[in-house]
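So the structure is just underneath, and the comments pick up after that.
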Amino acid sequence: MTIEFLEERIKEIIEDMNEDEKVVLHNNYGDTVGYTDNKVYLYEKIDTDFIYYTPTQIINMLGGLYNMSMSLKYWNFDGYENAEVTDINNLIDIDGITKFIIDYDNSLECTDIQELLDLYNENICTINGDGYNKDELEELLSEIFKKISIYAEEIERFDDIKQLLVDYLKEMEEL
């Protein structure tokens, strides 16, 4: 599995999520990276999301929501702390979330993404801090064998060196 395949598959998982799952992922991403200003809320959870606010504060913050279309069930605050109705499909940053998931190996509490990351990580070998999947590792070892074979006439123990590399590769597969 290449990194490009992993990226495409994560994007597909996110795009296939229902709106409620996208809201959870979006909010987990914001909480994780410390960007909570763009948190998305459900209309039905106003009572529980704002238990620490006075009724006056809630009316001041949310008053505009009731003048807007109630056809959308999600809302968030704009940059001026005014509540506004939102469509999660227009708000969610799929590319940014995907990059974060891959860069930090963090599924943002999404089971499907975690399973995909686990599968990807099982097939990665680290050499000198660089991660290689099995296909990339085989290609790297093939290049090493080619370079060694060029100097095989000068190296008396070429077969011993080759066997050591093959044994090492087998050990990596067993891990």
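Keep in mind that this is a model prediction, so the values were computed, not measured.
If you take OG1 on Thr86 and CG on Leu91, they are separated by 4.5 Å, rounding to the nearest 0.5 Å. Leu6 contributes atom CG, which lies 9.0 Å from atom CG of Leu119 (distance to the nearest 0.5 angstrom). The CD1 atom of Ile3 lies 4.5 Å from the CD1 atom of Ile102; values are rounded to the nearest 0.5 Å.
Minimum heavy-atom separation, Ile94 to Thr98: O-OG1, 2.7 Å. Nearest heavy-atom pair, Arg9 versus Leu116, reported as atom, atom and distance to 0.1 Å: CG-CD2, 3.3 Å. Across all their heavy atoms, Tyr41 and Asn76 have their closest contact at CD1-CA, 4.4 Å.
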**Q.** Stepwise side chain to side chain contact (heavy atoms under 4.5 Å, CB included) test for Ile113 and Ile14
**A.** CA-CA 9 Å; Ile113 292 174; Ile14 295 171; 4.2 Å; yes
**Q.** Check against side chain to side chain contact (heavy atoms under 4.5 Å, CB included), Asp95 and Lys11
**A.** CA-CA 8 Å; Asp95 291 335; Lys11 286 180 181 180; 2.9 Å; yes
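The salt bridge (Lys or Arg N to Asp or Glu O under 4.0 Å) search around Glu21 returns none, not counting sequence neighbours. Remark: Ser107 pairs with Gln114 by the side-chain hydrogen bond (donor to acceptor under 3.5 Å, both in side chains) rule, at least two apart or across chains. Judged as a side-chain hydrogen bond (donor to acceptor under 3.5 Å, both in side chains), and not counting sequence neighbours, Asp93 has no contacts. The salt bridge (Lys or Arg N to Asp or Glu O under 4.0 Å) check on Glu8 picks up nothing, with sequence neighbours excluded. Partners of Glu15 by side-chain hydrogen bond (donor to acceptor under 3.5 Å, both in side chains), not counting sequence neighbours: none found. For Asn18, there are no side-chain hydrogen bond (donor to acceptor under 3.5 Å, both in side chains) partners at least two apart in sequence or on another chain.
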Side-chain donor-acceptor distances from residues 22-30 under 3.5 Å, at least two apart:
unit_1: Lys22; atom_1: NZ; unit_2: Asn89; atom_2: OD1; d: 2.7
unit_1: His26; atom_1: NE2; unit_2: Asn38; atom_2: O; d: 2.8
unit_1: Asn27; atom_1: OD1; unit_2: Val40; atom_2: N; d: 2.9
unit_1: Asn27; atom_1: ND2; unit_2: Val40; atom_2: O; d: 2.9
unit_1: Asn28; atom_1: ND2; unit_2: Val24; atom_2: O; d: 3.4
unit_1: Asn28; atom_1: ND2; unit_2: Leu108; atom_2: O; d: 3.0

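Within the structure, salt bridge (charged side-chain N to carboxylate O under 4.0 Å, His left out) contacts touching residues 102-119 (residues at least two apart or in different chains) are Lys99-Asp103.
Side-chain atoms of Thr32 and Phe100, non-hydrogen and from C-beta on, do get closer than 4.5 Å to each other.
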